[in-house]
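For reference, the structure discussed in these notes is given below.
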Amino acid sequence: RVFGNGILNGKTSSYSDDEESDIDDPANQSLLNKLLRRTLIDSSHSVEVSQRDPTSPLFSVKSFEKLHLKDELLRGIYAMGFNRPSKIQENALPMMLADPPQNLIAQSQSGTGKTAAFVLAMLSRVDAKKTYPQCMCLSPTFELALQTGKVVEEMGKFCNGIKVIYAVRGNRPGKGTQIEAQIVIGTPGTVLDWCFKLRLINVKNISVFVLDEADVMINVQGHSDHSVRVKRSMPKTCQMLLFSATFGDSVWAFAERIVPDPNIIKLKKEELTLDNIQQFYDKCENKEQKYSALCNMYGIITIAQAIVFCQTRKIANWLSRHMLEDGHQVALLSGELSVCDRAEMIQRFREGKDKVLVTTNVCARGIDVEQVSIVVNFDLPVNVDGSVDFETYLHRIGRTGRFGKKGIAVNLIENSFVYMLKEIEEHFNTKIKKLNSWDFDEME
Ligand code: ADP
C-alpha cells in the first residue's frame with residue numbers, strides 16, 4: 001500500500017448515511033490532506049504577527065542555518081528536502097526557539113508548514129540524555145497523532161537517542177512502566193490517563209506542550225476539557241504552542257484557555273474565486289436525463305480530467321454503476337471508503353490513471369486536484385433545509401486567483417431547481433450560461 005500502516009486502513013466513521021449528504025468530519029478531512037500533501041502551499045499574503053511584547057524586536061529568518069540548530073537536526077531538515085523556512089516558519093521559528101521560551105498561537109491553512117515547525121521546536125528542545133518525557137503534543141485523533149509522529153521520526157532521524165511514544169487508545173503500557181521516550185504524542189483523553197490515572201508521565205518535566213489542529217480538536221466531544229486539564233498541571237515555565245488551520249471565535253476562546261500570554265501569527269488563506277471559471281447549466285427532466293447528458297459529455301470530459309459531484313452516496317453509487325455498465329470508465333470516491341483508500345484513489349486520479357472521478361462532498365474541500373479542468377455538478381450542493389449551499393459550490397468549482405487555471409463547470413439541473421441558478425448568479429455576481437453543444441467544441 002502506498003500509504004501503508006495497517007491502522008489507517010480500517011473503515012472510518014463519518015456522520016452521514018447513504019441517503020444523507022455525504023459530509024465528512026473535519027478530522028478525516030485533515031488526515032486526508034496530510035496523506036496527500038507532498039509540498040508546501042505558498043501564499044501571496046503576508047504573515048500577520050502580534051507580539052506579546054510589542055517593544056521587543058521581531059525576528060524573521062530566511063534560512064535554517066540562522067536558527068543555530070543542532071547539527072543533526074539541520075541534517076534531518078535538509079534530508080527532508082527543505083531548503084528554506086516556509087512563510088509561517090520564517091516568523092514562527094525564531095519565536096518558538098527563543099530563550100526564554102515564548103508561547104505561540106499560529107493559524108494558517110493546512111500545508112503551510114506548521115507541523116514541521118513545531119516538530120523542529122520539540123526536537124531542538126529535548127535532551128536526548130534524559131530518558132523521560134519532555135515534550136508533549138496533543139492531536140485530535142489517533143491517526144493524526146501517528147502522522148505527526150512520522151514527521152518527528154523523519155526529521156529527527158539523525159538525532160541519536162531521541163524516541164517518540166504514542167499515547168493513543170490501544171497502546172497501554174502497564175502501570176509503573178518507566179517511559180523513556182522524550183516526546184509523547186497522543187490524544188487528550190489517553191494523555192490525561194497516562195499523566196494522572198496511570199502516572200506514566202510526570203507533567204512537571206514537560207517543557208514544550210503543543211496543541212495541534214485546535215479547530216478539529218474542539219469538534220470532538222471532551223477533547224477541549226481534557227486538553228485544558230492536561231495543560232493546567234504543566235509547570236509555569238512550560239512553553240505552550242497552539243496551531244489551527246482556521247480561527248473562528250470558538251477556536252480563539254479555546255486557544256486562550258490553553259496558551260497564556262501568546263505571540264500570535266496568522267497567515268490568510270488564498271481566496272477561492274469563480275473568475276476563471278466558465279459556468280454552464282443544462283436543464284433536465286429527471287435523474288435519467290441528467291445521466292444521458294453526462295454520458296453525452298463523456299467523450300469531451302475525458303480529454304481533460306473531470307470530477308462529478310453528487311449530493312448523496314446513494315446517487316454517486318447509482319451513477320458510477322450505470323456509467324461502468326455502459327462502458328464508461330469512472331472511479332468512485334465516497335465517504336464509505338477509508339481515508340487511506342480515498343487518498344490512494346485521489347493519488348491515482350492525480351497521476352491521470354483515472355480520468356473521471358464521481359464523488360460526493362467528501363472531496364469538495366481541501367483537495368486541490370490541479371489538473372481538473374471540468375467539474376460537473378450532477379446535483380447542486382444544498383443545505384439540510386434545501387437551500388443552495390453556496391460555500392460548497394465555491395469549494396467544488398472555485399480556484400485560487402493566483403494559480404487560477406481556467407476551468408469549466410457544468411451544472412445539470414432538474415427543472416424544479418432552476419431557480420437555484422439565479423440565486424447562485426446573484427450570490428457570486430457571476431453568470432451561468434446555458435450549455436450548447438458548440439460550447440464543447442470550444443472546450444476542445
Ligand atoms: P501543516 O502542518 O501546516 O499542514 P506541514 O508542516 O505538514 O504543514 O507541511 C506541509 C508539507 O510541506 C509537508 O509535506 C512538509 O514536509 C513540507 N514542508 C514543511 N516545511 C517545509 C519547508 N520549509 N520547505 C519545504 N517543504 C516543507
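The first residue of the sequence shown is numbered 1, and numbering continues consecutively from there. Each ligand, and each atom within it, is numbered from 1 in the order the structure gives.
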Check: Lys114 N/O within less than 3.5 Å of ligand 1 N/O: yes
Enumerated ligand 1 atoms positioned under 4.0 Å from heavy atoms of Ala116: 6 (O), 19 (C), 20 (N)
Side-chain donor-acceptor contact under 3.5 Å, Tyr393 with Asn411: yes
Thr112: numbered ligand 1 atoms lying under 4.0 Å from its heavy atoms: 1 (P), 3 (O), 8 (O)
Protein heavy-atom partner closest to atom 20 (N) of ligand 1 - residue, atom, separation in Å: Gln89 NE2, 3.0 Å
Phe243 and Phe118 aromatic ring geometry - parallel, tilted or perpendicular at 30°/60° bounds: tilted
Heavy-atom nearest neighbour in the protein, as seen from atom 4 (O) of ligand 1, with distance rounded to 0.1 Å: Gly111 N, 2.6 Å
Region of Phe64 engaging ligand 1 - heavy atom pairs below 4.0 Å: side chain
Per-atom contacts of ligand 1 with Arg84, taking only distances under 4.0 Å to non-hydrogen atoms: 22 (C), 23 (N), 24 (N)
Other residues, nucleotides, ligands: >12 heavy atoms within 6.0 Å of Gln221 CD: no
Partners passing side chain to side chain contact (heavy atoms under 4.5 Å, CB included) against Arg84 (at least two apart in sequence or in another chain): Lys62, Glu90
Sub-4.0 Å atoms of ligand 1 with respect to non-hydrogen atoms of Ser86: 23 (N)
Nearest-neighbour protein heavy atom for atom 15 (C) of ligand 1, which is reported as residue plus atom name and distance: Phe82 CZ, 3.9 Å
Polar atom proximity, Met80 to ligand 1 (N or O, under 3.5 Å): no
Which residue and heavy atom of the protein sit nearest atom 13 (C) of ligand 1, plus the separation: Arg37 CG, 4.3 Å
Gln329 side chain to Tyr298 side chain, donor-acceptor N/O pair below 3.5 angstrom: no
Ligand 1 N/O within reach of Gly113 N/O, cut-off under 3.5 Å: yes
From the candidates Thr115, Asp212, Thr148, Leu120, the one that places a heavy atom nearest atom 7 (O) of ligand 1: Thr115
Polar contact flag, side-chain donor to acceptor under 3.5 angstrom, Gln147-Glu143: no
Sequence neighbours left out, cut at 3.5 Å: what donor-acceptor pairs do the side chains of residues 224-238 make with other protein atoms?
residue	atom	partner	partner atom	Å
His226	ND1	Gly222	O	3.3
Ser227	OG	His223	O	2.6
Ser233	OG	Val230	O	3.1

Atom of Arg125, atom of Asp99 and distance for their closest heavy-atom approach: NH1-OD1, 3.6 Å
Main-chain N/O of Tyr132 paired with Gln134 side-chain donor or acceptor, under 3.5 Å: yes
Contact (N/O only, under 3.5 Å) between Asn83 and ligand 1: no
